[in-house]
S.K.: 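First the structure, which I've put down as structure tokens, then a few questions once you've had a look.
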Amino acid sequence: MATETVAKSRTSLRVHVQKFGTFLSGMIMPNIGAFIAWGLITALFIEKGWIPVPALGGFDTNADGTPNVGLVGPMITYLLPLLIAYTGGRMVYDVRGGVVGAIGTMGVIVGAGIPMFIGAMIMGPLGGWTMKKIDLLWEGKIRPGFEMLVNNFSAGIWGALLAMLGFYGISPLVQAFSTAAGNVVQFLVNNGLLPLTSIFIEPAKVLFLNNAINHGVLTPLGIQQSLEQGKSILFLLEANPGPGMGILLAYMFFGKGIAKGSASGAAIIHFFGGIHEIYFPYVLMRPLLILAAIAGGMTGIATLAITGSGLVAPAAPGSIIAVLAQTSRDSYVGVILAVLLAMTVSFLVASVILKTTKHSDEVDLSDATSKMEAMKGKKSSVSSMLTGAGAGVGTAVLAGPIKNIVFACDAGMGSSAMGASVLRNKIKAAGFPDVKVTNAAIANLSDTYDVVITHQDLTERAKPVTSSAAHFSVDNFMNSPRYDEIVELVKEHNTEGATPDAGAAAAATAAGHGAHVASAPVEAAPGGAEPTEAAETAAPSDILVADSVILNGTATTRDAAIDEAGQLLLARGAVDEGYLAAMHEREESVSTYMGSFLAIPHGTNAAKDHILKSAVSVIRYPDGIDWNGKQVKFVVGVAGINNEHLHILSSIAKVFTSKAQVAQLEAATSVEEVLELFGKVNA
């Protein structure tokens, strides 16, 4: 229970805001290319652009006297909002959600008559979510052959209704909000107060709330302002690389140890690559340096306001190259000054802080990097530069031989046991039979493992109590490429006389800290002990029986397949009705798709009381079922008490790691063939 308490304490307001910001930016970031394309077309071809072209820029009239429409207006009015809406809807409910979300957004666009980015960020996810809920109403109730008819007409009818809702209901509200937000920004500009926003923006960046602020708020407002004025200061409130560059320069001159040695490389990545997160650990190491970032940010914004400068479109990533590429034709002097002055002020303030405070930069950079990654919730793609070869020192996550590897999951009834079995066999084949590979529920984890494998959605729950371990993430439990990485890591650390080099150390860190493997749960042994390989050597004789094997399932959807597998367990007297509901609950939290056309639905950890005895059901779907975008042809329902089901899961895992045996399963014409392929697991 201690583990769960820690996990809950980590789910802070910051984490919730961070997740919300990530969701908002998730609608914008995939479409940044479209924003850049619009920005370049605008900068080049509008009337005040570098190469004015009436037909492209949308000004003047053509030979017939008709006003030129151009590309700029339609792209900003229709293309970009619809792309955002489609992306948001798809995030919620795949392509179907994206299409319905885009239809609904069209009503907002036409109703408002102005670019509706905020409206798109509302209607897209709303369309996807409501369509998903509507589909649930008749899931499993549609007569065979009518699925396409019902799906197409339900999406069309609901999309049309959402478009009308957007036209009459949402567009006036969003238009009012956009107008109010624009007035607030203009008020801040007119009264010289806009630089004060750095007091919030710069700390938010270091806390990884930048996406919520930049792409969730500033980009939509900036686009609107750019459309009206040809440029916007808002695009550089967060993206200015000057403040971070000043801090890194200060470390280059006045830092110590690893921090000083790595600052030059970090500066190149930050300034030219636009990866601002590279300087966050330097601030976290000396929290007072946030004052330098704030001072630099305020200076940059004040310079932009005084010179009336701005960008025509977002600069993403925040590289000086991207900033200059999106700079308005009349703003180069102001933008360059804003970056240089922000850098200078940040450098001066940071230098004073570094010179007047005592601190062990040599020791604390790695800790600060880990803190940054913990706040971010995943491994930084560039952090190995700070703690590995880039810093001149190899710092491996693992100091000695690897002895214990654990697959951790939410409950512990299936996928983690199968993943553990696959990896155990690979490690044995590599010549390291003494390495212990087990599986456990997250609630039973302790900081005694060398390597922890979890699902990315379970990262925050697993990391706090296994901080000494290297963490890996997989989404395919049968044949994930991460298994080979782990085997190589074992070879590096467990081969006598071998010393992991800096590259291997960085790889261990990079592959490890931020990633986690989510397994479908595997139940821990009584008393909290993890099930081990020994537990697989003895299995009851009736876990898998012929009556629980179906060669041609009737379900056509994921949820219907879960019901079908659960009904077989229910018919066996292995579970009660409550377990079936728990199987669906489990699927909503983390997918039980394993890879190799296999899914193993099972209940949550809280559903253990609904299991009466261990049993497994096997259903084959020759035509396949869409399982959250993955094709599944075999569904294995699992209910296990203690370790009784682990033997059969191990056998199933061995079958599904062999393409030849999977092909045999697909071609099997009798239940006996299926049981035979599973190696007489009940023997």
Side-chain angles (χ1 to χ4, degrees), residues 1 3-4 7 136 139-140 407-418 439-445 455 457-458 461 518-531 535 539-545 547-550 553 555 557-594 598-619 627 632 634-650 652 681-682:
M1 296 305 292
T3 304
E4 297 210 3
L136 287 175
E139 184 171 343
F407 275 70
C409 55
D410 184 34
M413 259 182 264
S415 50
S416 57
M418 299 181 78
N439 55 273
I442 286 181
N444 295 324
L445 287 179
H455 189 280
D457 294 340
L458 304 175
R461 293 182 58 192
S519 42
V522 163
E523 205 155 57
E530 298 84 3
S541 60
D542 63 346
I543 289 182
L544 178 62
V545 298
D547 290 343
S548 296
V549 178
I550 295 179
T557 64
R558 182 199 70 180
D559 289 346
I562 293 174
D563 285 334
E564 196 166 5
Q567 286 296 332
L568 289 177
L569 298 176
L570 187 64
R572 287 278 311 281
V575 301
D576 61 25
E577 289 282 356
Y579 189 75
L580 274 63
M583 293 173 74
H584 287 283
E585 182 182 345
R586 168 62 188 167
E587 198 65 43
E588 289 300 321
S589 62
V590 179
S591 176
T592 57
Y593 173 74
M594 298 288 102
L598 171 67
I600 55 166
H602 50 273
T604 61
N605 193 45
K608 290 185 294 184
D609 293 340
H610 295 286
I611 302 174
L612 306 178
K613 66 178 182 179
S614 296
V616 171
S617 59
V618 178
I619 306 175
W627 204 281
V632 165
F634 301 94
V635 175
V636 177
V638 178
I641 295 177
N642 297 329
N643 303 322
E644 293 177 354
H645 61 304
L646 299 185
H647 176 73
I648 188 171
L649 289 176
S650 176
I652 293 172
V681 294
N682 292 321

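Please read all numbers here as calculations on a predicted model, not as lab measurements.
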S.K.: Quick check for you: to the nearest 0.5 Å, what is the distance between Tyr579 atom OH and Arg586 atom CZ?
M.R.: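 So the gap between those two atoms works out to 10.5 Å.
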S.K.: Measuring from Leu569:CG to Ser617:OG, what's the distance to the nearest 0.5 Å?
M.R.: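 With rounding to 0.5 Å, CG (Leu569) is 4.0 Å from OG (Ser617).
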S.K.: Just checking, any donor-acceptor pair under 3.5 angstrom between side chains of Arg572 and Ser548?
M.R.: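 The criterion, which ignores hydrogens and geometry beyond distance, is satisfied for Ser548 and Arg572.
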S.K.: Can you name the residues that form a side-chain contact (heavy atoms from CB on, under 4.5 Å) with Gln567, not counting sequence neighbours?
M.R.: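 By the side-chain contact (heavy atoms from CB on, under 4.5 Å) rule, Gln567 matches Leu570, Leu580.
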S.K.: Starting at CD1 of Ile562, measure out to OG1 of Thr592 and round the result to the nearest 0.5 Å.
M.R.: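 OG1 of Thr592 is found 6.0 Å from CD1 of Ile562.
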S.K.: Considering non-hydrogen atoms only, spot the tightest contact between Ala615 and Ala574 and give its length.
M.R.: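 What the structure gives for the nearest pair is CB-CB, 3.5 Å.
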S.K.: Would you check if the side chain of Tyr593 reaches a backbone N or O of Leu598 as a donor-acceptor pair within less than 3.5 Å?
M.R.: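 Answer holds: no.
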S.K.: Under the criterion side-chain contact (heavy atoms from CB on, under 4.5 Å), I'd like the reasoning laid out for Met583 against Asp563: C-alpha separation, chi angles, the key distance, then a yes or no.
M.R.: CA-CA 8 Å; Met583 293 173 74; Asp563 285 334; over 6 Å; no
S.K.: Is there a donor-acceptor pair closer than 3.5 Å between any side-chain N or O of Glu587 and the backbone N or O of Asp559?
M.R.: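 No, because the side chain of Glu587 does not come within donor-acceptor range (under 3.5 Å) of the backbone of Asp559.
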S.K.: Which heavy atom of Trp627 sits nearest to which heavy atom of Ala561, and what is that distance?
M.R.: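 Heavy atoms of Trp627 and Ala561 come nearest at CZ3-CB, 4.0 Å.
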S.K.: Please find the pair of heavy atoms, one from Phe634 and one from Val632, that lie closest to each other, and give the distance.
M.R.: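 Nearest heavy atoms, Phe634 then Val632: O-CG1, 3.4 Å.
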S.K.: Of the non-hydrogen atoms in Val575 and Ala639, which two are nearest, and what is the gap between them?
M.R.: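 So the two residues come closest at CG1-CB, 3.6 Å.
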S.K.: Going by side chain to side chain contact (heavy atoms under 4.5 Å, CB included), Val618 matches just one of Val635, Leu568, Ile600, Leu544. Which one?
M.R.: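 With Val618 as partner, Val635, Leu568, Ile600, Leu544 yield a single side chain to side chain contact (heavy atoms under 4.5 Å, CB included), made by Leu544.
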S.K.: Nearest 0.5 Å, please: how far is CD1 in Ile550 from CD in Glu564?
M.R.: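 Going from the CD atom of Glu564 to the CD1 atom of Ile550 covers 5.0 Å.
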